[in-house]
J.: 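The structure that follows is given in the form of structure tokens.
One is the number of the first residue; the rest follow in order along the sequence.
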Amino acid sequence: MTFIIKDPKAESFNYTLDSSSAELAALVDKLFKETKLNRHTIHKKTLKLILLNLIVHKGSKVLISRDNNSTSLARYNALDVGVTAINTVTDKLEKSEYIHLITGKNLPYGHGIRSSIQATDSLNTLLKPITLQLVPSELVLIREGGSKKLIDYTDTPRTVRIRKELTAYNKLIKSVNIELRDSSGLTVLKDLNHQVVQRKFIDNGELDIQGRPLFNSGGRSNSAWMSLSGSDERPNIFIDGQPTLELDYQSSAINIIYKALTGVLYMGDPYALSVRGIDIPRNLVKRVATCSLNATKEKGPSAAVGKAYGKLRTSLKVEDQIDYNDYLRIKDKKKVKIIDILQVFLNKHRSISHMFLKGKQVGNKVQCLESDLVFAVVNELTNRSIPTLTVHDSFIVKATDKATLDTLKTTTAFPDQDLVKGLI
């Protein structure tokens, strides 16, 4: 077991995964014998779940819990695997040099790290040829507000519909081949298949008349293509051997609010702004707006924006350095503060200004409406057998499908009007 002093960049362990793959079952049998595990049913299930996570996360570190007191709800635990079995199996896999295991450790000032696993080269060689038929136990997830803990729920017409739509979408995604290639488009760098697209909502305490969560907060999805660097890698995604392009909803969060509250989008660029004759870089205005959508006081965005740009300072990406230098240029003028930018921005958008500085409750609702609209478009594309990959408010499609996507982006409405009314 390796101890480190920095939390690893890693993916979250997904208990919902299952697969009917015969190749995977054969590998489970092989490793069960080699590692000398002794509880046939539970240890084989645990091996299967661990291998599924390592396959899906494509060589990345995967965070695990080694706390025997932690539990997983049946809704989100496809194979009914517990932490004790995970500890036993990961220890055996590490001893057999099939995984690298980092053991979590409590550190001062809240800087503790979590345990993680990562496949070794020898295991990756065994995992690479496996073709998965993923059968997740749940596609619609909801977590506690303020934590990552998943909670159980009673289905509503909304969750039933979302699950049905996600099932159809995942079936379509499984039927195509998704690859990351080099800039020439000839060499495959990474296989982006074997993904399960789930939506994770946030419980904000708001209930329907039957006491069930409204599922009106959060709602975004995660996948392998979301972790790729936008400007450097995502343009090199190929679907079924064809080049793709990425299109997004322009000024998504602001226009989501305009569309929900006024029925129309903002005419022009909502982030174009000048303060006392000084043009403010668009990226800075956008960050101020985004931060103020989740803040409660005017001073809140100042700290959040400063922290966000502080992270860009050491980035190796050219666009991050351009954004950081833009921020420094405005900051060094000393005539314009973040609060000045915020006040001019809110004055520019007086008709929706009451939605800002209301805290994460409103920010997460806007995020949910944005995600709903994105997946409404995804559902229309799925019905036409057109595969698309989503990254927050953007779509990656084959270049030949651009015209269809453009039309759907302008004609598709919010699927649940009650949630729109709830935002108002």
J.: Between D401 and R384, does at least one N-O distance fall below 4.0 Å, as a salt bridge requires?
T.: no
J.: Assess, by modelled atom type and distance only, whether the side chains of N193 and Q195 contain a donor and an acceptor separated by less than 3.5 Å.
T.: no
J.: Just by distance, no angles: are the side chains of R212 and T159 close enough, under 3.5 Å, to form a donor-acceptor pair?
T.: no
J.: Name the orientation class of the two ring planes belonging to Y271 and F345 (parallel below 30°, tilted from 30 to 60°, perpendicular beyond 60°).
T.: parallel
J.: Measure from the side-chain N and O atoms of Y76 to the backbone N and O of I151, and report whether any donor-acceptor pair falls under 3.5 Å.
T.: yes
J.: Taking N325 for the side chain and Q321 for the main chain, is one N or O donor matched with an acceptor at less than 3.5 Å?
T.: yes
J.: Look only at the side chain of T412 and the backbone of K409, and say whether a donor-acceptor pair between them is shorter than 3.5 Å.
T.: no
J.: Could you tell me whether K311 and D320 make a salt bridge, using a distance below 4.0 angstrom between a side-chain N and a carboxylate O?
T.: no
J.: Give a yes or no on whether a salt bridge exists between E165 and R199, defined as a side-chain N under 4.0 angstrom from a carboxylate O.
T.: no
J.: Using the six-membered ring wherever Trp is involved, compare the ring planes of Y327 and Y324 and label them parallel, tilted or perpendicular (cut-offs 30° and 60°).
T.: tilted
J.: Classify the ring geometry of Y266 against Y258: parallel below 30°, tilted from 30° to 60°, perpendicular beyond 60°.
T.: tilted
J.: Tell me whether E179 is salt-bridged to R181, with the criterion being a basic N under 4.0 Å from an acidic carboxylate O.
T.: yes
J.: Does the cation-pi check pass for R158 over F215, that is, NZ or CZ under 6.0 Å from the six-membered ring centre and within 45° of its axis?
T.: no
J.: Could you tell me whether a side-chain N or O of R143 sits under 3.5 Å from a main-chain N or O of S147, the two making a donor and an acceptor?
T.: yes
